[in-house]
Amino acid sequence: MRILSAILFVFLLCFADNNISAVTENDAISDDSGVIQSVEVNQNIASIKSQLDGINSTLRTNVWMTRYANYSTYQKIQNELEISENLLKRASKDNKKNSELVKKIQNLKGQLELLKGYENAPFSDMLAAPEVDMSPRITNPIALISGFSYMRKIRNEKDEYARQISELDSVIASLREKEILLVSLVENSTLTENLQSQIDETRVQISEFEGTKQIADTTFDVYEKRADEAIVATKNEIKLQVFNTINIAVFLVIIIAISFFFKFIAKKTISDNERFYTVNKFINFINFILIIITLLFAYIDNVTYIVTVLGFASAGIAIAMKDMFMSMLGWVVIIFGGSMRVGDRVRVSHNGVTYVGDIIDISVLRMTIFEDVTMATYYENRRAGRIVFIPNNYIFTELMSNYSHHGMKTVWDGIDVVLSFDSNHKKAVYIAKTITGKYARGYTDIAKRQMTRLRSEYSIKNPNVEPRVFTFFEPHGVCISIWFMSSSHATLTLRSTISAEIVEAFNKEDDISIAYPTQTLYYGKKQSPKPHSELEQDI
């Protein structure tokens with residue numbers, strides 16, 4: 001019995017030890033689980049706070065949130081100011097406390113002045129849609145640039161306004177996320193009083209921004225329709241202007257093609273280069289006028305208005321631009337009258353100065369003359385080769401001579417030779433006429449043919465173009481005047497040749513003496529003058 005009791009005691013002792021070990025192990029496991037749960041909660045709270053910091057950092061840089069924060073600050077300061085003013089009214093006569101309240105009130109008023117723009121509606125400026133300006137009228141190709149600029153401006157303003165609204169969406173999304181994180185933080189934290197106030201503030205902000213979002217969406221819808229309507233209207237005007245420009249360009253190309261066709265016909269039918277040049281200039285002028293008229297009627301809305309303005313201003317324009325209008329009228333007279341043509345040899349006198357040269361161009365306002373070496377340059381100017389511009393109005397006011405009018409290629413030229421009174425002047429006339437006829441024969445034949453053609457249009461009483469020699473009695477001798485036909489463009493060449501031949505022929509004759517002024521001086525006894533073949537003058 002004692003043995004069985006001992007065995008049972010030992011068994012019970014072992015069983016008790018096992019239970020105690022099990023209980024100890026279970027308590028240890030429970031303690032470890034609580035520590036782990038506490039660590040996880042702390043980590044979760046840290047994660048939530050980190051996310052909240054990121055959201056708050058993002059919201060601080062957002063313009064919508066900044067304006068709302070300024071609005072909230074203004075309201076807080078306003079409330080604090082009202083409280084301070086009430087305290088000041090109810091305050092005792094303690095000067096120190098009153099002075100502190102006065103300073104505080106002044107400080108609060110200064111802060112309110114700085115935030116005055118956020119007094120009532122913090123988002124009024126941002127919710128206001130941009131003004132859609134009236135679409136520009138596109139009446140010419142240059143205005144296409146303004147049309148494209150207008151559409152780009154409207155699109156940029158629309159995109160900017162849409163971007164502001166998308167930022168408002170992101171603010172609302174961030175606030176909702178912040179609310180969820182704060183609620184989660186409340187569930188894992190024991191300091192719920194401060195968190196609950198943040199949740200309430202966040203919900204108020206969400207409500208404010210959602211109301212603002214509704215207003216912004218409505219405003220954007222209205223603005224988007226107006227902007228799209230303006231863009232469509234501008235596009236239609238651009239298309240219409242492009243179509244009109246293409247039509248006008250085609251019409252101008254047709255006008256230019258017709259002018260080239262007429263130039264081609266003129267080149268094939270007109271053999272005279274000077275006449276072809278004049279016709280070519282006339283075609284260019286008509287072509288230019290047609291192009292100007294086409295552009296005026298195409299791109300000027302009210303031509304009647306322009307005519308009225310020009311009518312009132314015509315008197316002043318006529319006075320101020322008299323010479324230009326006279327030159328244009330002179331150009332019409334020159335072109336259609338045929339008095340002057342390109343290539344003609346002309347002589348122009350103005351203010352005592354004479355210019356002789358060939359017309360190289362006739363424009364609407366002036367003629368261009370290339371000055372040649374002539375008798376005028378020999379006796380008067382002593383220079384040549386200049387380009388002289390003669391206004392077309394000179395045809396009405398100045399003396400202008402045409403040496404080659406109506407295709408004439410010859411002109412009368414003369415040489416005067418003075419012989420002594422005792423010279424055989426008849427013999428001299430015969431010699432001069434023979435020499436002149438010899439060297440001027442070619443030009444005489446040309447002049448005969450030209451004179452026949454000229455008499456068909458003009459009444460010419462004496463068509464004789466043979467060389468002529470006249471004898472005149474002069475105070476200093478007998479003057480033989482020799483006249484012959486010479487080239488209109490090279491009179492000096494033939495004149496020089498004939499003069500040299502006549503002088504050489506007269507010097508060979510003993511009974512022909514060329515007279516020239518001389519002086520006779522007497523020293524001592526005065527002698528009676530002897531007959532002399534030279535001109536004498538006593539001093």
Side-chain angles (χ1 to χ4, degrees), residues 270-278 334 338-350 353-362 367-390 398-417 431-455 458 460 462-470 480-506:
I270 300 176
S271 58
D272 188 6
N273 291 331
E274 288 79 7
R275 188 181 296 273
F276 170 73
Y277 178 83
T278 303
I334 291 170
S339 58
M340 303 286 176
R341 294 178 180 175
V342 175
D344 287 352
R345 171 61 61 90
V346 296
R347 176 190 179 101
V348 182
S349 297
H350 179 69
V353 182
T354 302
Y355 303 96
V356 180
D358 300 328
I359 299 177
I360 59 177
D361 182 53
I362 300 177
M367 290 182 292
T368 305
I369 297 176
F370 178 72
E371 188 182 25
D372 199 1
V373 179
T374 61
M375 292 300 296
T377 58
Y378 174 71
Y379 283 113
E380 301 178 22
N381 300 333
R382 296 306 300 175
R383 61 177 55 86
R386 296 173 291 185
I387 301 296
V388 183
F389 299 99
I390 308 297
E398 303 293 338
L399 178 61
M400 298 183 68
S401 304
N402 192 342
Y403 289 20
S404 52
H405 175 65
H406 206 273
M408 290 292 290
K409 299 180 180 178
T410 57
V411 66
W412 283 103
D413 194 11
I415 301 173
D416 293 339
V417 182
I431 293 173
K433 192 170 185 178
T434 302
I435 294 174
T436 303
K438 173 183 176 183
Y439 287 98
R441 183 178 297 111
Y443 296 110
T444 302
D445 296 338
I446 295 173
K448 287 179 180 178
R449 294 191 296 268
Q450 294 172 344
M451 189 61 65
T452 301
R453 185 171 64 253
L454 196 62
R455 290 186 66 189
Y458 298 96
I460 300 177
N462 185 10
N464 183 23
V465 294
E466 294 291 339
R468 305 174 189 180
V469 180
F470 304 96
I480 298 177
S481 184
I482 308 146
W483 293 87
F484 51 90
M485 282 291 174
S486 178
S487 172
S488 301
H489 297 79
T491 55
L492 291 183
T493 301
L494 183 60
R495 182 189 183 92
S496 176
T497 301
I498 293 176
S499 298
E501 291 295 328
I502 289 176
V503 170
E504 186 178 356
F506 284 177

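Starting from 1, each residue takes its place in the sequence as its number. These figures come from a predicted structure and were not determined experimentally.
- Using modelled atom types, one side-chain atom of Ser488 and one backbone atom of Thr410 make a donor-acceptor pair closer than 3.5 Å.
- For the pair Arg347 and Tyr403, the tightest heavy-atom approach, listed with the atom from each and the gap, is CD-OH, 3.4 Å.
- When all heavy atoms of Leu494 and Tyr439 are compared, the closest pair comes out as CD1-O, 3.5 Å.
- Interatomic distance, Ser481 OG to Arg468 CZ, rounded to the nearest 0.5 Å: 11.0 Å.
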Let me see the working for Arg449 and Asp445 under side chain to side chain contact (heavy atoms under 4.5 Å, CB included), right down to the final yes or no.
CA-CA 7 Å; Arg449 294 191 296 268; Asp445 296 338; 4.2 Å; yes
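- Contact record, His405 with Ser339: ND1-O, 3.7 Å, taken as the closest heavy-atom pair.
- A 4.5 Å side-chain heavy-atom check between Ile431 and Ile502 finds every atom pair outside the cut-off.
- Separation of atoms CD1 (Ile435) and CZ (Phe506) is listed at 7.0 Å; rounding is to 0.5 Å.
- When the side chain to side chain donor-acceptor pair (under 3.5 Å) test is applied to Glu371, the partners found at least two apart in sequence or on another chain are Asn381, Arg386.
- Residue Met340 holds its CE atom at 9.5 Å from OG of Ser404, rounded to the nearest 0.5 Å.
- Nearest approach of Tyr443 to Ser487, heavy atoms of both residues: CE2-CB, 3.5 Å.
- Smallest separation of non-hydrogen atoms from Val469 and Lys433: CG2-CB, 3.7 Å.
- Remark: Tyr378 OH is loosely packed, at most 12 non-hydrogen atoms of other residues, nucleotides or ligands lying under 6.0 Å away.
- A donor-acceptor pair under 3.5 Å is formed between the side chain of Thr436 and the backbone N or O of Ala432.
- Proximity of Thr374 to Arg345: side-chain heavy atoms (C-beta onward) are separated by under 4.5 Å at one or more points.
- Residues Asp358 and His489 are in side-chain contact: their nearest non-hydrogen atoms beyond the backbone lie under 4.5 Å apart.
- Side-chain atoms of Ile359 and Ile390, non-hydrogen and from C-beta on, never get closer than 4.5 Å to each other.
- To the nearest 0.5 Å, atoms CD (Glu501) and OG (Ser496) are separated by 10.0 Å.
- Ile387 contributes atom CD1, which lies 7.5 Å from atom OG1 of Thr368 (distance to the nearest 0.5 angstrom).
- Of all the heavy atoms in Asp413 and Thr491, the pair that sits closest is OD2-O, 3.8 Å.
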Determine, stepwise, if the pair Ile369 / Tyr355 fulfils side chain to side chain contact (heavy atoms under 4.5 Å, CB included).
CA-CA 9 Å; Ile369 297 176; Tyr355 303 96; 5.9 Å; no
For side chain to side chain contact (heavy atoms under 4.5 Å, CB included), just list the numbers for Met375 and Leu492, CA-CA rounded to whole Å, side-chain angles, deciding distance to a tenth of an Å, and then say yes or no.
CA-CA 7 Å; Met375 292 300 296; Leu492 291 183; 3.1 Å; yes
Quick one, Ile334 with Met367, criterion side chain to side chain contact (heavy atoms under 4.5 Å, CB included). Give me CA distance, side-chain angles, the key distance, then yes/no.
CA-CA 10 Å; Ile334 291 170; Met367 290 182 292; 4.0 Å; yes
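- Using modelled atom types, one side-chain atom of Asn464 and one backbone atom of Glu466 make a donor-acceptor pair closer than 3.5 Å.
- Note that CD1 of Ile480 and CZ of Phe470 are 12.5 Å apart. Values are rounded to the nearest 0.5 Å.
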